K.L.:
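Submitted below is the structure of interest, expressed as structure tokens.
These numbers were taken from a predicted model, which means no experiment stands behind them.
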Amino acid sequence: MRKNTVLIVILVFASCSSLRKLPKEHYYAFLYYFNREIKNDTISFHLKNPLKCPVNVKLVKDSLNPNIENLFGHITLRELQDTVISFKYHDFNHANETKYFVGYGDLNKKILKNQVSYPFPKGKEYKIIQGYNGNFTHNTLISQYAIDFDLKIGDTITSVDSGYVVGLIEDYKEYGTSKKWLKNDKSNYITMYHPQSGIYTQYVHLNHNGSLVKLGDFVVKGQAIAISGMTGFTTTPHLHFNAKIPTVEHGLISTKIEFESGVKGEDLKKKDRVK
């Protein structure tokens with residue numbers, strides 16, 4: 001009888017967690033300035049990069065302006081750069097807003113990978129709960145080389161290398177296990193840019209208000225940057241760590257990494273322990 005009672009409690013808990021409602025709010029990792037101005041036959045785009053890293057901007061064609069993407073390819077803005085780009089454009093349809101894509105990174109910068117530290121304080125030991133190409137969630141271009149460490153709620157997360165905070169969300173409070181949570185990104189996370197290597201790193205599932213840094217901060221390797229939590233799509237508390245590089249077609253995609261211990265990320269398997 002007691003075993004049946006435990007089973008019922010577990011099933012009820014699992015059902016409730018999968019039915020959690022998605023937050024109505026949607027938060028952004030950073031706000032980017034893009035403004036369109038039209039005078040006579042000239043269209044001007046005012047662009048401003050608020051980040052301590054390069055970003056690239058691309059116009060996206062739409063049904064009313066199918067040729068607009070040909071005005072320029074990917075425009076790269078240096079850190080904190082602002083600029084105005086103007087064109088003669090006689091056939092522009094004013095009826096809708098111009099669509100555009102902003103991506104992290106200078107697509108012409110050579111990536112120089114270096115060894116990084118683990119994303120937690122030295123002396124701590126954690127277990128791997130999902131490694132490269134994991135069937136559960138590490139099976140897309142943006143996540144295939146991510147690593148999940150079994151940090152608990154309240155544990156400290158540290159930066160794996162020196163760099164700048166270029167993305168930050170810490171306002172979400174909930175988590176869920178259903179497909180709608182997987183499809184809709186409602187996690188708290190930090191994105192770091194490491195100028196020496198050109199790599200970006202992300203630290204996901206942070207606690208509510210769990211950031212210890214601000215957008216634009218410079219952080220040294222090993223510095224505490226956040227408190228681990230359980231937000232977004234997840235079935236258990238953990239830190240989702242991902243190293244990424246910029247690409248033309250897909251924005252930031254996951255990339256392999258090697259740690260200072262000499263351990264390659266690809267050699268870390270589920271249930272391995274690292275420190």
Side-chain angles (χ1 to χ4, degrees), residues 7-34 50-51 55 60 62 96-97 99-104 119 129-131 133-157 165-192 200-215 225-244 250-254 270:
L7 178 60
I8 291 172
V9 170
I10 292 173
L11 289 175
V12 170
F13 173 79
S15 176
C16 290
S17 65
S18 66
L19 294 175
R20 290 174 184 267
K21 292 183 178 180
L22 281 169
K24 294 180 180 179
E25 302 82 6
H26 184 76
Y27 302 105
Y28 295 90
F30 69 92
L31 295 178
Y32 177 81
Y33 181 80
F34 179 100
L51 303 176
V55 299
V60 180
D62 57 61
N96 65 334
E97 293 295 323
K99 299 176 182 178
Y100 61 97
F101 168 81
V102 180
Y104 285 111
I129 59 176
Q130 188 178 190
N133 299 302
N135 291 330
F136 189 54
T137 53
H138 297 177
N139 49 19
T140 67
L141 282 175
I142 64 172
S143 64
Q144 62 183 335
Y145 302 125
I147 302 173
D148 289 346
F149 299 89
D150 73 333
L151 273 70
K152 308 305 180 188
I153 296 174
D155 284 356
T156 301
I157 298 167
V165 180
V166 296
L168 169 60
I169 295 177
E170 61 171 346
D171 299 291
Y172 292 118
K173 299 178 180 179
E174 301 294 336
Y175 75 95
T177 60
S178 67
K179 289 183 179 180
K180 64 182 180 181
W181 282 85
L182 176 60
K183 183 179 179 181
N184 296 275
D185 185 13
K186 299 292 183 178
S187 296
N188 294 328
Y189 66 91
I190 287 174
T191 301
M192 297 280 303
Y200 293 76
T201 55
Q202 291 184 330
Y203 312 77
V204 187
H205 304 304
L206 311 183
N207 212 13
H208 175 240
N209 289 333
S211 177
L212 303 177
V213 292
K214 302 185 301 295
L215 196 67
I225 59 172
I227 302 301
S228 190
M230 190 171 179
T231 55
F233 177 73
T234 178
T235 59
T236 187
H238 71 283
L239 168 65
H240 174 91
F241 169 75
N242 203 356
K244 295 185 172 184
H250 305 288
L252 289 183
I253 64 170
S254 191
K270 185 176 180 179

K.L.:
In the structure I gave you, are the side-chain heavy atoms of F233 and Y175 within less than 4.5 Å of one another anywhere?
P.N.:
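In short, these two side chains do not touch, never coming nearer than 4.5 Å.
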K.L.:
What is the distance from atom CD1 of I142 to atom CG of D185, rounded to the nearest 0.5 Å?
P.N.:
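One gets 8.0 Å once the value is rounded to the nearest 0.5 Å.
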K.L.:
Have a look at L206 and tell me which of L212, N188, I169 forms a side chain to side chain contact (heavy atoms under 4.5 Å, CB included) with it.
P.N.:
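Between L206 and the candidates, side chain to side chain contact (heavy atoms under 4.5 Å, CB included) is satisfied uniquely by N188.
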K.L.:
Any chance CG of N139 has more than 12 other-residue heavy atoms, nucleotides or ligands included, within less than 6.0 Å?
P.N.:
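Yes, the 6.0 Å shell around CG holds more than 12 heavy atoms from other groups.
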K.L.:
If you define the side chain from C-beta out and look only at heavy atoms, does anything of N242 sit under 4.5 Å from V204?
P.N.:
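Counting from C-beta outward, N242 and V204 never come under 4.5 Å.
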K.L.:
Can you name the nearest heavy-atom pair linking S254 to A146, along with the distance?
P.N.:
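Closest approach of S254 to A146, heavy atoms only: OG-N, 3.7 Å.
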K.L.:
As an exercise, state the distance from CD of E97 to CG of D62, rounded to the nearest 0.5 Å.
P.N.:
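Rounded to the nearest 0.5 Å, the CD-CG separation comes to 10.5 Å.
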K.L.:
Might you point out which heavy atoms bring L151 and S228 nearest each other, and give the distance in Å?
P.N.:
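Reported closest heavy-atom pair: CB-OG, 3.6 Å.
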K.L.:
Evaluate the ring planes of H138 and H240, with Trp represented by its six-membered ring, and classify them as parallel (under 30°), tilted (30 to 60°) or perpendicular (over 60°).
P.N.:
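H138 vs H240 ring planes: perpendicular.
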K.L.:
Please report the shortest heavy-atom distance between I190 and S211, naming the atom on each side.
P.N.:
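The answer is CD1-OG, 3.8 Å.
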K.L.:
Is it true that the side chains of T191 and Y189 contain a donor and an acceptor less than 3.5 Å apart?
P.N.:
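Short answer, no.
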K.L.:
Tell me, do H238 and H205 make a side-chain contact under 4.5 Å, heavy atoms counted?
P.N.:
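The answer is yes; the side chains approach within 4.5 Å.
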K.L.:
Measure the CZ-CD distance between F241 and Q202 for me, rounded to the nearest 0.5 Å.
P.N.:
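Between F241 CZ and Q202 CD, I get 10.0 Å after rounding to 0.5 Å.
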K.L.:
Decide yes or no for V165 and I225: does some side-chain heavy atom of the first lie under 4.5 Å from some side-chain heavy atom of the second?
P.N.:
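Not touching, per the 4.5 Å side-chain cut-off.
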K.L.:
Are the side chain of T235 and the backbone N or O of T177 linked by a donor-acceptor pair below 3.5 Å?
P.N.:
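Judged by distance alone, no pair lies under 3.5 Å.
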K.L.:
Please name the pair of heavy atoms, one in Q130 and one in N135, separated by the smallest distance, quoted to 0.1 Å.
P.N.:
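Heavy atoms only, the tightest pair is OE1-N, 4.2 Å.
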K.L.:
Determine whether a donor-acceptor pair (N or O, by modelled atom type, separation under 3.5 Å) exists between the side chain of Y104 and the backbone of K244.
P.N.:
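Not a single qualifying donor-acceptor pair exists.
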K.L.:
Rounded to the nearest 0.5 Å, what separation is found between the OG1 atom of T231 and the CD atom of E174?
P.N.:
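Between T231 OG1 and E174 CD, I get 10.0 Å after rounding to 0.5 Å.
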K.L.:
Using a 3.5 Å cut-off and no angle test, enumerate the donor-acceptor pairs between side-chain atoms of residues 24-34 and protein atoms at least two apart in sequence or in another chain.
P.N.:
none

K.L.:
So how far is it from K180 NZ to K21 NZ, rounded to the nearest 0.5 Å?
P.N.:
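The NZ atom of K21 is 8.5 Å from NZ of K180, to the nearest 0.5 Å.
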K.L.:
With a 3.5 Å distance limit and no angle check, can you tell me whether H208 reaches the backbone of Y172 through a side-chain donor-acceptor pair?
P.N.:
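No; zero donor-acceptor contacts below 3.5 Å.
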K.L.:
Please find the pair of heavy atoms, one from P119 and one from Y203, that lie closest to each other, and give the distance.
P.N.:
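Looking at all heavy atoms of both residues, the shortest contact is CB-CE2, 4.0 Å.
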K.L.:
Short question: side chain of D155, backbone of I157 - any donor-acceptor pair under 3.5 Å?
P.N.:
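Absent.
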K.L.:
Check S187 against G232 and note the closest heavy-atom contact, atom names and distance.
P.N.:
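Answer, listing the atom of S187 first, then G232: OG-CA, 3.3 Å.
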K.L.:
Is the shortest side-chain heavy-atom distance between M230 and I153 below 4.5 Å?
P.N.:
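Yes, side chains in contact.
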